[in-house]
Amino acid sequence: MLTKTQVKEALHIIEDMYPEAECELIHSNPFELLIAVVLSAQCTDSLVNKVTPGLFAKYHAPDDFAAVKQEELEQDIRSIGLYRNKAKNIKKLSESLIEQFNGEVPETREELMSLAGVGRKTANVVASVAFHTPAIAVDTHVERVSKRLGICRWKDNVREVEETLMKKVPEEEWAQTHHRLIFFGRYHCKAKDPQCPSCPLLDMCREGQKRMRQREVKHG
DNA sequence: AACTCGGGGCA
DNA sequence: TGCCCAGAGTT
């Protein structure tokens, strides 16, 4: 397990790898952020960012999504893929926002998670980005990178990964940590094809060391 | 913990 | 073609 100091160093190195890495999920209000995060499931943000300007020019509040016909909403988000499920999810989410919170996006993680179609990851993103509540959103990249590097244990579940990160990263860096690990996981520490030989974190990486040893054996 | 959902993008 | 993608709900 990496120490707090080692984690800090690792995050610093990652930041140098992606100097312009910024949060792509910034929206003018919590509702738009919430919808954008739900839309981003199983696809990249750049894809979602293609439809959100037009989408939010047309829909401004939960009432608008609740009122529109499902087929029409499907067409409005068709280009991001999985559009039938996502249109259905957004309508259900909007309806539960109206029912439970009078159409206002709640601020706590617990309240956010009580909404239809909102799980731990989405709740943490919205709580942290929109309401500046200290939280770390753990998605598949964050989880994989944390485990490979040795920030947390291999057997940790999402909740435990989250807790470990919160312990080892200063609170003021939680939001940016999420995005650093995402970029690193997406472009370098890839799920099926990690680029260990060219990785600046190799020296401190548990999984990287292991993979390099296996590589040596394999190649003689 | 292991499925199910299921479309666009890219090699 | 085949494989992946910044998840959530259900069993």
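In what follows, every chain begins at residue 1, and chains take the letters A, B, ... in the order their sequences are listed. In this text, all values refer to a predicted model and were calculated from it rather than measured experimentally.
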*Asks:* With P as the reference atom in both, quote the distance from dG6(B) to dT11(C) in angstrom, rounded to an integer.
*Replies:*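 So the two P atoms sit 16 Å from each other.
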*Asks:* Taking CZ from R109(A) and P from dG7(C), how many angstroms apart are they, rounded to a whole number?
*Replies:*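 Computing the R109(A):CZ to dG7(C):P distance gives 19 Å.
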*Asks:* dG9(B) and dA8(C): how far apart are their P atoms, nearest whole angstrom?
*Replies:*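 Rounded to whole Å, the distance is 23 Å.
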*Asks:* Quick one: label V118(A) by what it contacts on the DNA or RNA (base, sugar-phosphate, nothing), any heavy atom closer than 4.0 Å.
*Replies:*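 Counting heavy atoms under 4.0 Å across all strands, the contact made by V118(A) is with sugar-phosphate only.
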*Asks:* Parallel, tilted or perpendicular, judged at 30° and 60°: which one describes the rings of Y187(A) and F183(A)?
*Replies:*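 It falls in the tilted class, 30° to 60°.
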*Asks:* Taking NE2 from H141(A) and P from dC4(C), how many angstroms apart are they, rounded to a whole number?
*Replies:*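 These atoms are roughly 12 Å apart.
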*Asks:* Output the rounded distance in Å from CG (N157(A)) to P (dA2(B)).
*Replies:*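 The answer, rounded to whole Å, is 13 Å.
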*Asks:* To the nearest Å, give me how far apart CG (D193(A)) and P (dA11(B)) are.
*Replies:*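 Rounding to the nearest Å, CG of D193(A) and P of dA11(B) are 14 Å apart.
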*Asks:* When you compare dC4(C) with dC5(B), how far apart are their C1' atoms, in angstrom units rounded to a whole number?
*Replies:*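 To the nearest whole Å, 15 Å.
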*Asks:* What interatomic distance, in whole Å, is found between P of dA6(C) and the corresponding atom of dA11(B)?
*Replies:*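 That atom pair is separated by 15 Å.
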*Asks:* What integer distance in Å separates L82(A):CG from dC5(C):P?
*Replies:*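 Going from L82(A) (CG) to dC5(C) (P), I get 14 Å.
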*Asks:* Consider the side chain of R186(A), meaning its heavy atoms from C-beta on, and name the nucleotide among dG9(B), dG7(B), dA6(C) that approaches it most closely.
*Replies:*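 Selected nucleotide: dA6(C).
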*Asks:* Looking at V161(A), is its backbone amide N or carbonyl O close enough to the side chain of E143(A) to form a donor-acceptor pair, meaning the two atoms are under 3.5 Å apart?
*Replies:*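 Checked: no pair found.
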*Asks:* Check whether any side-chain heavy atom of K168(A) sits under 4.5 Å from a side-chain heavy atom of S146(A), and report yes or no.
*Replies:*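 Answer no - side chains too far apart.
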*Asks:* Is the closest basic N to carboxylate O distance between K167(A) and E163(A) below 4.0 Å?
*Replies:*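 Salt bridge flag = no for E163(A) with K167(A).
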*Asks:* For a quick test of reading the model: is some side-chain N or O of R84(A) closer than 4.0 Å to OP1 or OP2 of dG7(B)?
*Replies:*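 Answer is yes, contact under 4.0 Å.
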*Asks:* Between dA6(C) and K121(A), is there an OP1 or OP2 to side-chain N/O distance shorter than 4.0 Å?
*Replies:*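 No, K121(A) has no side-chain N/O under 4.0 Å of OP1/OP2 on dA6(C).
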*Asks:* With a 3.5 Å cut-off and sequence neighbours excluded, list the donor-acceptor pairs that the side chains of residues 94-107 of chain A form with protein atoms.
*Replies:*
residue, atom, partner, partner atom, Å
S94(A), OG, I90(A), O, 2.9
S96(A), OG, L93(A), O, 3.1
S96(A), OG, A116(A), N, 3.3
Q100(A), NE2, S114(A), OG, 3.0

*Asks:* Measure from CG on L115(A) to P on dA8(C) and round the result to the nearest Å.
*Replies:*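 Rounding to the nearest Å, CG of L115(A) and P of dA8(C) are 12 Å apart.
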*Asks:* Taking for each residue the nucleotide of DNA chain C bearing the nearest heavy atom, is the 5' side occupied by A123(A) or by A191(A)?
*Replies:*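 Here A191(A) is the residue nearer the 5' end.
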*Asks:* Could you work out which one of dG9(B), dG6(B), dA6(C) sits closest to the side chain of N85(A)?
*Replies:*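 Selected nucleotide (nearest to the side chain): dG6(B).
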*Asks:* Quick one: is S40(A) getting a side-chain N or O under 4.0 Å of the dG7(C) phosphate, OP1 or OP2?
*Replies:*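 So the side-chain polar atoms of S40(A) never come under 4.0 Å of the phosphate oxygens OP1 or OP2 of dG7(C).
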*Asks:* Side chain of K192(A) only, heavy atoms from C-beta on: which candidate in dC3(C), dA6(C), dG9(B) is closest?
*Replies:*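 Within the option list, the nearest is dC3(C).
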*Asks:* Which nucleotide in the list dG9(B), dG7(C), dA6(C) gets nearest to the side chain of L47(A)?
*Replies:*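 Closest nucleotide to the L47(A) side chain: dG9(B).
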*Asks:* Could you tell me the separation between the CE atom of M113(A) and the P atom of dA8(C), rounded to a whole number of Å?
*Replies:*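 M113(A) atom CE is separated from dA8(C) atom P by 8 Å.
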*Asks:* Between Q42(A) and G117(A), who's closer to the 5' end of DNA chain C by nearest nucleotide?
*Replies:*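 Upstream on the strand: Q42(A).
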*Asks:* Just how far, in rounded Å, is C1' of dG6(B) from CG of L39(A)?
*Replies:*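 Distance, rounded to whole Å: 16 Å.
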*Asks:* Return yes if some donor-acceptor pair links the side-chain N/O of Q42(A) with the main-chain N/O of S40(A) below 3.5 Å, else return no.
*Replies:*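 It does not hold such a pair.
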